[in-house]
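I have placed the structure first, in the form of structure tokens, so that the comments after it can refer back to it.
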Amino acid sequence: MRNERGQIYLDYNATTPVDSRVVDTMQTYWSENFGNPSSDLHSWGWNANFAVQDSRKKIAALLKCGASEIYFASGATEANNWVFHSLLQNKILSEVHIIASSVEHDSVRNTLLHWQKQGVQVDFVRVNSEGLLDLQDLKSKIRTNTRLISVIFGQNEIGTLQNISEISRFARERDILFHSDATQVVGKMEFDISDFDFLSFSSHKLYGPKGIGALYAHAKTTSLLPMILGGQQESGLRSGTEPVPQIVGFGKACELCAQELPSENSRLALLGKLLRKALLDKIPDLKLNGSLENRLPTNLHLTLPKIQRDVFLKKLSGLGISSSSACHSSSGISSTLSALGFSAEAAERSFRLSWGRFTDEGQILEAAEILANAWKASV
Ligand code: PMP
């Protein structure tokens, strides 16, 4: 993906371009099929309702779960909030203990810090230098009143993938609910949905529109409670007229991911290898962060040897990359890099490159060249 100035977009973990096939599918739901899905006396309403349910089925097909286990939300932030809200509603807050990893996205971390201030017992589990959860530390933090373990699946900054099946088994053996923020994984990798009680994800990370996401809630193990009250949408669990065009786009985006995932996966992993090799060849002492074995196929997080940051960034104008996660770009070192032991100075020299469906080999090689030249100019 390039813009009109020829700049190369390598910030897919922040957001992905909307696939033109998704845009085409959404088109008719703005001013032609504009009905309210709750209008049950005419075809405008029936068509809109059909479209919402059809999208739910497409999303469920990607996850290999039941359509009734998918609940629409405005994005992964809301889905994450929804899990904790459901768990804590009608409870004596000080009696509930929740455990999360120390590398959660802010939408989990800050939400839990909020609940902690309200009296909920919250613990964050250590990770090792690669960002992998320390199972011994997890074990030591379990209490008799631990109700939920929440662990991010694919870390949005450093790209580390957690050993989800092992953590899920650990939680299940102790009768503890297991939630994962899988925003960076859904649509990009195969996984086993039976590992989860709750799973949050978002349309704009998988080539769909922004402003829509979903929460998977396992029908047998979870009881979801409403965070937004009002009408009967989403079985009375999330009121408000459904954003039909976004839902249709999200459904189409999931359908495309399901179709293309097997062939795309190996292509994207190859691009990653190419980028890694090109950068390591060009930049001596380059440090790659996160686990090299267990990682998202579309993310590289690196720390450059000493640079003059302002010079480097000026020379980098041909590339769209991230200095951390998009959510942190103005507020200094992120909690994830802190958890990995980064100093503020090392964090300043650290960058995330992430690629996807519209990235090709030529863009990857050119990006490596631009980055290496910018580094040379800035030392
Ligand atoms: N979790 C992760 C891991 C993310 O990368 C993001 C997006 N930066 C979110 C949650 C928030 O998603 P949304 O923008 O859909 O609220």
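Note: hydrogens, waters and symmetry copies are ignored here, and every other heavy atom, side chains too, is used. Every number for a ligand or one of its atoms is a count from 1 in the order of the listing.
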- Can you say whether the rings of F153 and F196 are parallel (under 30°), tilted (30 to 60°) or perpendicular (over 60°)? tilted

- Message: I want to know if ligand 1 touches E78 in the polar sense, i.e. an N/O pair below 3.5 angstrom.
- Response: no

- Message: Is there a polar contact between ligand 1 and S74, counting only N or O atoms under 3.5 Å apart?
- Response: no

- Task: Would you mind running through ligand 1 and noting each atom that sits below 4.0 Å from a heavy atom of S202?
- Result: 13 (P), 15 (O)

- At under 4.0 Å between heavy atoms, which part of D181 makes contact with ligand 1: side chain, backbone, both or neither? side chain

- Give the ring-plane orientation class for Y12 versus Y9, where under 30° counts as parallel, over 60° as perpendicular and anything between as tilted. tilted

- With heavy atoms and a 4.0 Å threshold, my read on which part of K210 contacts ligand 1 is neither

- Message: Is it the case that atom NZ in K287 sees more than 12 heavy atoms from other parts of the structure closer than 6.0 Å?
- Response: yes

- Message: Regarding ligand 1, does K205 bring an N or O atom to under 3.5 Å of one of the ligand's N or O atoms?
- Response: yes

- May I ask whether S107 places a heavy atom under 4.0 Å from ligand 1? yes

- Hey, is E260 close enough to R21 for a salt bridge, meaning N to O under 4.0 Å? yes

- Task: Determine, considering heavy atoms only, which of A76, A14, S203, S180 sits nearest to atom 12 (O) of ligand 1.
- Result: A76

- Query: In this structure, are over 12 heavy atoms from other groups packed under 6.0 Å from K141 atom NZ?
  - Reply: yes

- Item | Ligand-side contact atoms (ligand 1) for residue partner T183, heavy atom cut-off under 4.0 Å | 1 (N), 2 (C), 3 (C), 4 (C), 6 (C), 10 (C)

- Can you label the angle between the F351 ring and the F312 ring as parallel, tilted or perpendicular, going by 30° and 60°? tilted

- Is S200 reaching over with its side chain to a backbone N or O of D181, donor-acceptor style, under 3.5 angstrom? no

- Item | ligand 1-proximal atoms of V108, by part, heavy-atom distance under 4.0 Å | neither

- Message: Side chain or backbone, does N80 bring an N or O within less than 3.5 Å of an N or O on ligand 1?
- Response: no

